[in-house]
Amino acid sequence: MNRAVILVGDSDVEDTTEVESCNPGAPLSSSPQRNNGLDTSVIQPFTRAPAPPDDDVSFEKFLAGSLGTDLEPHIIAHDKNIVSCMDHHKLPWGVQYEIARGVTEGIWSWASVEAKIPQLCGSNSEKAHKVRNIMLDRVRPPSALGHSVWQELDREQDAIMENKGRGLGPVSPEGSEDTWYGGQIQQIARLVGDKGEYRIRLEPMETKRSYRLARFLGSRRILQLRIPKDLILHENKQLKEFMQHKFVLCGRVFVPFCAKDHSVYLVETAEDYGRCAADWAGDQFRMSFKDIINWHNPLHLNADQPINKYATRFALAFSTSIPVLEFKEENINFIPDNTDTWRKPGKPPAEYIKTDGCGFINEAALKIIAHFLNSHTYSVVIQGRVYGGKGLWILHPTDRSPEPKIWIRSSQRKIVYQRPVDRAHLIFDLLTVSRVSSPESSVRLSEQSIINLSNNGVPDTTLIDIMKKAFIEEVKPLMKWQGPQAMEILWNFIDRMSSVSRTRLTRVTTSMARALGLAGQAWREEEIEIERNGDTPPIESEGIIGIYTGRASSGVPPTLSEYVMELLQAGFHPKDSTLLKEKIRNLVKNRIQSIVEEFSIPLPESLNAFIVPDPLGVLKEGEVYYRSSVPIVNSVAQDVFNVLTAWEVMAVDRPELSRWVDVLIASTQGEKSFASMLSGGGEYDYLFRTFMTTNEFKQITTAVSIVLHTLQVFNRSLDSVFILFSNSLLEDFKNKPVKPIPPSFMDDNFQKHPERVKQFAGRVSSLASQDVHKAFADILMTDIDDKKFGLYSNWQDYAIYAYGYEDPRSERLAYM
């Protein structure tokens, strides 16, 4: 009898339970010169929400004050006279940035800049790549590396000067053939120093991703400050104090806005330091720090948010995404969640929200998105951001309107706006789409899943056999050098094993990689690069990184697999080439280490999928439905499967659900959310462990059998699963029931009344202006303190390994 497993994946949808500890919050105002793109013929301010209640004096006082201005300045790179001279000659921002970068690297001083300024006049694409040669009096041809970055910067500058919101994207409700959008450049800086003595070194610009705030403000208005992990771990207090500054770069003021993924994002404000605003550069279209905050997460409309959660939601503006569709405001609908079994007063816990984090989108919208992605078919499930909402959206079951429409659930709505809103909030920012089942979507066992399988009855001999099979399948082909077309077969195997072609495509598609299904969701959205030591600058960082192809300036392939592949396609043979033989030996060694030391065991009989609530309500309690858009090979198939557990679950064939392919559809019947049952339930939606074993089942083009297995997810709801269908892995598996959280657990372990935005405002409203600004800056830097991030998750892993799942210590850590 064949069986299978579904591993619960990391989710993008956060839990709805507000339980956290105290901390501080934020502001508002408006810019009379910013055009929101709703009317391109005149300059308009973005729409302000109504004034706060008159009876809340302290809150109104807080909102009336300024933010981000009354902070001590910290100079990144600035010389008043040189900046004035550069502005007088209208040097474009890219040139000024490159000049300042050389200063921060110590390659030249401001004193040597003035004489060179006349030679640097021109556009970014004409002059920025020549800065280093001109400043150093070099005669060699300038590097063409990253020239596309300067062209893109010119294009963004043109969009800024038009002031019509063109950088937000091409997206109208009818779609557009012009697919350009802005925000694709990253201005990178690095924090160096220690013990509170820090300085900032500028690094080459990059074009690796795009996100909403950069598209709205323009890439040049955001500076990403990367912080070494050691500083975050050991000097967190000093870091937070350092971030209570405003930072000056060539007379422009950047204020810390959000901490995310070992970086702090600073936004350029309408304030200047030692310079005068210049209309030729588009300075008249800048916004105050307060306006930017009010645009993203208006305080008085979100005053009841816990202050820590308010700060965390600033990260939504930095999600790597692509703008694919603009909705008409009247076609954005808000609908309640299915909470029919919650009959108590107040907000229901997450496990009673059966549609948690999943709304609807109609076919017209999905077709436009598919056209944007150059896909001949549309995905029935997409993940993204729109109008303050986040999560999944599935194909609407009945709407046939020719106009794009979307329905946002209450559980998806994280930020509240007042209609009419700025055009940027009407645009759907796509993160990813549902993926077709394929070998590329197969998964690998990990330490956590191996421990889970072992604790639930899978013999060690079975796991060892799977590991042996992995050795044979992943190592033996690397050593087969004889026979017809042996080198071609070897090249193809390495390409498939290491996903080289897919990886290369991911590099050049940058921010579209995940949306196209080329890259999955990682624990951290942005890759954390290897740290360099302190003040060591990048080696001859002459040009801009540009579209990252992975190829170093030396021409050497970036990965071992690519190195071997290129030697093979150049005609080398490992019998005759010592270099190639050594590279293959290292490749074999790496694969063995990955399997043995990291327990990363490939499972071809697997796939991943989103899990969504039944859109038609036809599934009975405990039923699930899955249909693949392509056949899945499996040896034996039955129409249904029976669940070997305390609560019955059945995979069924429902023809009326056949439109929703490549997603696992779960019933909305029963007391609690099916996804929450997978996650072990619990008011905080922290995951325990649950397995459901099954026979194989067959659905139209699909033959797949399922076991549902949850892995721990840290403070997130469930929206994706990994399905494993390997008989040898699951035939001895024994399921165990869900253990609910003890009734008094929350009261005993969590603070249930966290400080909210309005309470924070009242607390700081009596402070001096600078102290208010510092308190708010400290709140925005909450997520920089990630040294505690994942601690309970790690402790639980260790406890399970040492004591097993049934031990009270493991259970308590799971609930935490």
Side-chain angles (χ1 to χ4, degrees), residues 23-34 45-52 56-74 213 216-217 221-223 225 240-248 252-260 264-273 286-303 305-318 415-417 422 755-784:
N23 225 327
L28 107 77
S29 120
S30 77
S31 170
Q33 297 161 316
R34 178 78 190 194
F46 70 90
T47 305
R48 286 181 55 111
D56 196 332
V57 178
S58 61
F59 190 49
E60 186 174 1
K61 178 182 177 182
F62 176 77
L63 296 179
S66 63
L67 286 172
T69 56
D70 198 6
L71 295 171
E72 291 293 326
H74 176 90
L213 188 62
F216 176 67
L217 296 177
R221 307 286 192 219
I222 299 176
L223 184 65
L225 177 61
K240 283 191 172 183
E241 291 175 353
F242 182 70
M243 290 304 154
Q244 294 175 0
H245 288 84
K246 54 187 178 184
F247 296 86
V248 180
R252 299 174 180 276
V253 175
F254 291 77
V255 179
F257 185 81
C258 176
K260 184 177 187 288
V264 172
Y265 292 84
L266 300 87
V267 295
E268 183 183 350
T269 70
E271 184 181 0
D272 291 296
Y273 181 93
R286 294 180 301 180
M287 300 168 65
S288 71
F289 185 66
K290 193 175 184 181
D291 282 341
I292 298 171
I293 286 176
N294 192 51
W295 169 84
H296 174 63
N297 194 355
L299 278 161
H300 53 289
L301 292 179
N302 297 276
Q305 288 183 11
I307 190 64
N308 279 356
K309 189 163 285 189
Y310 175 87
T312 298
R313 286 171 180 166
F314 275 59
L316 296 179
F318 298 91
I415 300 174
V416 176
Y417 297 110
D422 186 84
E755 183 180 45
R756 299 182 181 273
V757 171
K758 184 175 288 189
Q759 293 169 332
F760 165 80
R763 177 167 61 83
V764 303
S765 61
S766 60
L767 300 178
S769 175
Q770 188 176 67
D771 292 332
V772 173
H773 292 213
K774 286 184 176 181
F776 185 66
D778 187 64
I779 282 298
L780 294 185
M781 294 299 105
T782 297
D783 284 351
I784 202 175

Undergrad: Tell me every residue that passes side chain to side chain donor-acceptor pair (under 3.5 Å) with K774, counting only those two or more places apart in sequence or in another chain.
TA: none

Undergrad: Atom CZ of F62 and atom CG of L767: how far apart are they, to the nearest 0.5 Å?
TA: 10.5 Å

Undergrad: How long is the span from the CH2 atom in W295 to the OH atom in Y417, to the nearest 0.5 Å?
TA: 6.5 Å

Undergrad: With sequence neighbours excluded, tell me which residues meet side chain to side chain donor-acceptor pair (under 3.5 Å) with T69.
TA: S66

Undergrad: So H773 and F289, do their side chains get closer than 4.5 Å, heavy atoms only?
TA: no

Undergrad: Does the side chain of M243 come within less than 4.5 Å of L225's, by heavy atoms?
TA: yes

Undergrad: Look up atom CZ in R252 and atom OG1 in T269, then write down how far apart they are to the nearest 0.5 Å.
TA: 10.5 Å

Undergrad: Between Y310 and N297, is there a donor-acceptor pair closer than 3.5 Å when you use the side chain of the first and the backbone of the second?
TA: yes

Undergrad: I need the minimum non-hydrogen distance between A259 and I784, along with the two atoms involved.
TA: CB-N, 3.5 Å

Undergrad: Are the aromatic ring centres of F242 and F247 under 6.0 angstrom apart?
TA: yes

Undergrad: As a quick check of understanding, evaluate side-chain contact (heavy atoms from CB on, under 4.5 Å) for Q759 and I307, giving each step before the final call.
TA: CA-CA 9 Å; Q759 293 169 332; I307 190 64; over 6 Å; no

Undergrad: Check R756 against P306 and note the closest heavy-atom contact, atom names and distance.
TA: NH1-CD, 3.3 Å

Undergrad: Kindly compute the distance separating CD (Q305) from OG1 (T312), expressed to the nearest 0.5 Å.
TA: 9.5 Å

Undergrad: Using the test side chain to side chain donor-acceptor pair (under 3.5 Å), find all partners of D272 that sit at least two apart in sequence or belong to another chain.
TA: R275, R286

Undergrad: When you compare the side chain of E72 with that of Q770, does any pair of heavy atoms fall below 4.5 Å?
TA: yes

Undergrad: Do you know the tightest heavy-atom contact between M287 and L217?
TA: SD-CD2, 4.0 Å

Undergrad: Give me the atom names and distance for the closest heavy-atom approach of F59 to V757.
TA: CE1-CG1, 4.3 Å

Undergrad: Report yes if some heavy atom in the side chain of I292 is under 4.5 Å from a heavy atom in the side chain of L213; otherwise report no.
TA: yes

Undergrad: So do K246 and V255 actually touch side chain to side chain, heavy atoms under 4.5 Å?
TA: yes

Undergrad: Is the shortest heavy-atom distance from the side chain of E268 to the side chain of V253 under 4.5 Å?
TA: no

Undergrad: Any side-chain heavy atom of N302 within less than 4.5 Å of one from I415?
TA: yes

Undergrad: Does any non-hydrogen side-chain atom of P298 lie less than 4.5 Å from one of V416?
TA: no

Undergrad: For F314 and H296, I'd like to know if the aromatic rings sit close, meaning centre-to-centre distance below 6.0 Å.
TA: yes

Undergrad: Nearest 0.5 angstrom please: Q244 CD to M781 CE, how far?
TA: 10.0 Å

Undergrad: At what distance, to the nearest 0.5 angstrom, does OG of S766 lie from NZ of K61?
TA: 6.5 Å

